[in-house]
Amino acid sequence: MTAAIRPWKVVDFDAIPGVPCPCGTAKRAFADVPDYPATVHVTQIATDAKLHYHKRQTETYFILECDADAQMQLDEEFIALKPGMCVLIPPGVRHRAIGSMKIINIVIPKFDPADEFLDGE
């Protein structure tokens, strides 16, 4: 079976370059797969993540590792985090991670940088 007709896709996140984002550095996969409605990111969250929101995208953060005092700000609430937790962030919710952490982020529909707004924009 040739690669062109295989229905599955495999990515090696070690081979994907990181790009800056309001949270830190993201490695994004599957943006080029037309039949997959999402993108999957491995994101290294910086301790100074910026408060931001999306108008169309829903994000799902799965916490892989984090500082003992890590939190998530969701609008005006602060939620304590630990590895193994998952946070669903619908469009319009202002959010930021607080503390150093590594997450898997599933973004539906596919990530679009034009749908990322810093708080106050």
Side-chain angles (χ1 to χ4, degrees):
M1 188 178 268
T2 65
I5 60 173
R6 287 186 174 138
W8 63 87
K9 306 293 180 209
V10 177
V11 296
D12 177 357
F13 277 97
D14 287 339
I16 297 173
V19 295
C21 66
C23 296
T25 303
K27 295 182 174 193
R28 300 180 178 127
F30 305 126
D32 60 341
V33 180
D35 294 337
Y36 185 62
T39 51
V40 178
H41 310 192
V42 172
T43 303
Q44 188 68 48
I45 308 283
T47 55
D48 60 347
K50 296 180 173 104
L51 191 62
H52 67 284
Y53 65 98
H54 309 278
K55 293 181 181 177
R56 293 179 289 107
Q57 297 167 159
T58 296
E59 293 186 303
T60 305
Y61 284 27
F62 180 80
I63 313 305
L64 295 170
E65 46 191 66
C66 65
D67 291 342
D69 60 349
Q71 297 181 58
M72 188 83 196
Q73 180 179 353
L74 302 164
D75 287 331
E76 302 303 320
E77 289 191 50
F78 294 82
I79 310 298
L81 297 176
K82 65 178 184 170
M85 293 180 78
C86 194
V87 181
L88 178 68
I89 308 165
V93 173
R94 285 165 166 72
H95 58 282
R96 70 180 174 122
I98 300 167
S100 180
M101 65 188 78
K102 184 177 182 179
I103 67 162
I104 295 173
N105 183 9
I106 300 170
V107 182
I108 302 171
K110 290 181 184 295
F111 176 76
D112 176 2
D115 189 41
E116 194 162 53
F117 303 91
L118 294 178
D119 197 47
E121 288 184 352

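These values consider heavy atoms only, across backbone and side chains, with no hydrogens, waters or symmetry-generated copies.
- L74 is not connected to L51 by any chain of hydrophobic side-chain contacts under 4.5 Å among Ile, Leu, Val, Met, Phe, Trp and Tyr, and they are in different clusters.
- Residue R28 is tested with V19, V107, V40 for a side chain to side chain contact (heavy atoms under 4.5 Å, CB included); the sole match is V19.
- Taking every heavy atom of both residues into account, T47 and S100 meet most closely at CG2-N, 3.6 Å.
- Between T43 and C21, the closest heavy-atom pair is CG2-SG, 4.2 Å.
- Between the NZ atom of K50 and the SG atom of C23 there is a distance of 10.0 Å, given to the nearest 0.5 Å.
- Under the side-chain hydrogen bond (donor to acceptor under 3.5 Å, both in side chains) criterion, H54 pairs with Q57, E59, not counting sequence neighbours.
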Criterion side-chain contact (heavy atoms from CB on, under 4.5 Å) on I103 and V87, from CA distance to verdict | CA-CA 10 Å; I103 67 162; V87 181; over 6 Å; no
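- Note on Y61 and F13: separate hydrophobic clusters, where clusters join Ile, Leu, Val, Met, Phe, Trp and Tyr whose side-chain heavy atoms are under 4.5 Å apart, directly or indirectly.
- For Q73, the side-chain hydrogen bond (donor to acceptor under 3.5 Å, both in side chains) partners are R96, not counting sequence neighbours.
- Residues I89 and M72 form a side-chain contact, since some pair of their non-hydrogen atoms from C-beta on lies under 4.5 Å apart.
- When atom types are taken as modelled, the side chain of K110 and the backbone of F30 share a donor-acceptor pair closer than 3.5 angstrom.
- Summarising the geometry, atom CD1 belonging to I98 is positioned 11.5 Å from atom CG belonging to D67; distances are rounded to the nearest 0.5 Å.
- Residues K102 and V42 are in side-chain contact: their nearest non-hydrogen atoms beyond the backbone lie under 4.5 Å apart.
- To the nearest 0.5 Å, atom CG of residue D115 and atom NE2 of residue H52 are 10.0 Å apart.
- Contact detail for P90 and T58: the closest heavy-atom pair is CA-OG1, 4.1 Å.
- The distance from atom CG of L118 to atom CZ of R94, rounded to the nearest 0.5 Å, is 10.5 Å.
- At a threshold of 4.5 Å between side-chain heavy atoms, the hydrophobic network of Ile, Leu, Val, Met, Phe, Trp and Tyr places L88 and M85 in two separate groups.
- In terms of heavy atoms, L64 sits closest to P83 at O-CB, 3.5 Å.
- A pairwise comparison of heavy atoms in C66 and L81 identifies SG-O, 3.9 Å as the closest pair.
- F62 is connected to Y36 through a chain of hydrophobic side-chain contacts under 4.5 Å among Ile, Leu, Val, Met, Phe, Trp and Tyr, so both are in one cluster.
- The side-chain hydrogen bond (donor to acceptor under 3.5 Å, both in side chains) check on T39 picks up H41, with sequence neighbours excluded.
- The minimum heavy-atom distance between I45 and A97, with the atom names listed, is CG2-CB, 3.4 Å.
- The closest donor-acceptor contact from the side chain of D112 to the backbone of A114 lies under 3.5 Å.
- Transitive grouping of hydrophobic side chains (ILVMFWY, heavy atoms separated by less than 4.5 Å) keeps F111 and I16 in distinct clusters.
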